[in-house]
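Single-structure report; data block below.
Since the structure is predicted, the reported quantities are computational estimates derived from the model, not experimental observations. All residue numbers refer to positions in the sequence shown, counting from 1.
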Amino acid sequence: MPKGNIKKRVGDKETIPNLEYPVSKSAFHNDLQSFLQYAERVGLAKSSTVFVGTHFEYTVAATLSLYGFYLRRIGGASDAGVDLLGTWSIPLSSPSTEQPQQEQETQPERRPPLRVIIQCKVTPNPRPSLIRELEGAFIGAPAGWRMTSPSSGDGVLGILVLDKPATKGIREAMGRSWWPMGFVYCSKEGVVEQFLWNERAVAQGLEGLGVVKRYAPQGQQVALTFRGRILPCVLPTGTEGSE
């Protein structure tokens with residue numbers, strides 16, 4: 001399970017000037033570790049909706065940081081459905097000791113970070129209507145991430161994260177959407193097992209990006225690729241598999 005320490009990555013916030021994060025609604029915790037300490041201190045039941053939802057949001061934030069995301073939890077009564085807010089700096093270079101030095105030097109390093117809005121759901125019934133809810137979050141997102149129409153902004157990506165795989169209905173709804181969005185299946189233990197996105201997301205800066213399955217002590221999980229080469233995400237070494 002991720003420790004919840006969401007570390008800032010070089011090139012995230014600094015490369016997007018005037019990007020201001022809303023004040024957190026949580027005065028007593030700001031990551032998974034501090035939330036667990038708070039929950040124990042106040043006697044918050046682990047079966048409660050608040051515990052389950054907040055725990056999952058912090059788990060997602062910590063897990064996605066391994067893929068280049070810098071995220072803050074902003075959940076609250078007026079969050080417009082946005083649970084996590086931040087940026088995604090995709091590490092496009094993939095140096096390897098097996099590659100010739102000249103080949104390594106010619107690989108691209110990074111693209112400008114994308115701004116991301118994320119909705120996290122722990123649900124027994126993944127349904128296509130969750131995609132419509134995410135579409136509404138673009139309009140209600142904080143300034144700097146807000147898009148009033150699918151063509152009104154640039155470099156903003158919405159992501160739906162569930163604790164279950166995408167159903168056929170969710171895949172089809174996301175594929176039909178005019179909004180740039182993705183889907184992540186993240187287990188409650190903090191393992192990404194599915195990562196999808198639509199054509200609008202590709203146009204926002206995901207050209208050449210793909211996913212493969214890897215096998216590690218935690219089980220099967222997703223690794224990102226760029227033009228077929230695995231990216232240097234902080235994932236345990238494993239054996240590559242089919243998507």
Inset, instruction - Measure up the His29 and Phe35 rings against each other and bin them: parallel (under 30°), tilted (30 to 60°), perpendicular (over 60°). - result: perpendicular
Legend entry - Check: Glu193 side chain, Gln221 main-chain N or O, donor-acceptor pair, under 3.5 Å: no
Inset, instruction - For the pair Phe28 and Tyr38, name the ring-plane relationship: parallel under 30°, tilted 30 to 60°, perpendicular over 60°. - result: parallel
Inset, instruction - For side-chain contact (heavy atoms from CB on, under 4.5 Å), just list the numbers for Arg115 and Leu19, CA-CA rounded to whole Å, side-chain angles, deciding distance to a tenth of an Å, and then say yes or no. - result: CA-CA 9 Å; Arg115 290 160 287 161; Leu19 191 60; 4.1 Å; yes
Legend entry - Cationic tip of Arg171 above Phe183 ring, under 6.0 Å, 45° of axis: no
Inset, instruction - Taking the side chain as every heavy atom from C-beta outward, state whether Ile159 and Ile118 have any atom pair closer than 4.5 Å. - result: yes
Legend entry - Check: Val161 and Tyr185 side chains under 4.5 Å, non-hydrogen atoms: no
Legend entry - Residue pair Leu206 / Trp88: nearest heavy atoms and the distance that separates them: CD2-CZ3, 3.7 Å
Inset, instruction - Could you give me the CA-CA distance, side-chain angles and deciding distance for Arg127 and Thr167, then say whether side chain to side chain donor-acceptor pair (under 3.5 Å) is met? - result: CA-CA 7 Å; Arg127 57 196 187 279; Thr167 62; over 6 Å; no
Legend entry - Aromatic ring proximity Phe138/Trp178, centre distance under 6.0 Å: no
Legend entry - Nearest atoms (heavy-atom pairs only) where Pro113 meets Ser89: CB-OG, 3.3 Å
Legend entry - Rounded distance (nearest 0.5 Å) linking atom CG of Asp31 with atom CZ of Arg72: 12.5 Å
Legend entry - Heavy-atom side-chain contact between Val50 and Leu44 under 4.5 Å: yes
Inset, instruction - Would you confirm whether Tyr67, through its side chain, and Val222, through its main-chain N or O, come within 3.5 Å as a donor-acceptor pair? - result: yes
Inset, instruction - Could you tell me whether Lys121 and Glu133 have a side-chain N and a carboxylate O separated by less than 4.0 Å? - result: yes
Legend entry - Co-membership, hydrophobic cluster, residues Tyr58 and Val42, 4.5 Å side-chain: yes
Legend entry - Within-4.5 Å side-chain heavy-atom neighbours: Met181 and Leu160: no
Inset, instruction - Dump the intermediate steps for side-chain contact (heavy atoms from CB on, under 4.5 Å) on Phe51 and Leu36, then the final yes or no. - result: CA-CA 9 Å; Phe51 183 94; Leu36 292 174; 4.0 Å; yes
Inset, instruction - Nearest 0.5 Å please: distance from the CG atom of Leu134 over to the CZ atom of Arg132. - result: 12.0 Å
Legend entry - Closest non-hydrogen atom pair, Thr225 against Val211: OG1-N, 3.8 Å
Inset, instruction - Can you see which heavy atom on Thr59 is nearest to which on Glu189, and at what distance? - result: CG2-C, 4.3 Å
Legend entry - Contact summary for Ala61 and Leu71, nearest pair of heavy atoms: CA-CD1, 4.0 Å
Legend entry - Qualifying residues under salt bridge (Lys or Arg N to Asp or Glu O under 4.0 Å), relative to Glu207, sequence neighbours excluded: Arg111
Legend entry - Side-chain donor or acceptor of Trp179 paired with backbone N/O of Met174 under 3.5 Å: no
Legend entry - His55 vs Leu32, side-chain contact (heavy atoms from CB on, under 4.5 Å): CA-CA, chis, key distance, verdict: CA-CA 7 Å; His55 186 283; Leu32 184 56; 3.7 Å; yes
Inset, instruction - Carefully, step by step, assess Asp83 and Phe56 under the rule side-chain contact (heavy atoms from CB on, under 4.5 Å). - result: CA-CA 10 Å; Asp83 299 308; Phe56 187 60; over 6 Å; no
Inset, instruction - Report the distance from atom CZ of Arg200 to atom CD of Gln204, rounding to the nearest 0.5 Å. - result: 8.5 Å
Inset, instruction - Please round to the nearest 0.5 Å and tell me the distance separating atom CD of Glu57 and atom OG of Ser26. - result: 8.5 Å
Legend entry - Glu135 and Ser177, any side-chain heavy atoms less than 4.5 Å apart: yes
Inset, instruction - Look at the side chain of Arg146 and the backbone N and O of Ala141, then say whether any donor-acceptor pair between them is shorter than 3.5 Å. - result: yes
Legend entry - Close side-chain approach of Leu162 to Ile170, heavy-atom, < 4.5 Å: yes
Legend entry - Validation row: Leu209, Ile90 side chains within 4.5 angstrom (heavy atoms): yes
Inset, instruction - Measure the shortest side-chain to side-chain distance between Gln119 and Val82 over non-hydrogen atoms and say whether it is less than 4.5 angstrom. - result: no
Inset, instruction - Mind listing the closest non-hydrogen atom pair of Trp145 and Glu20 along with its distance? - result: CZ3-O, 3.3 Å
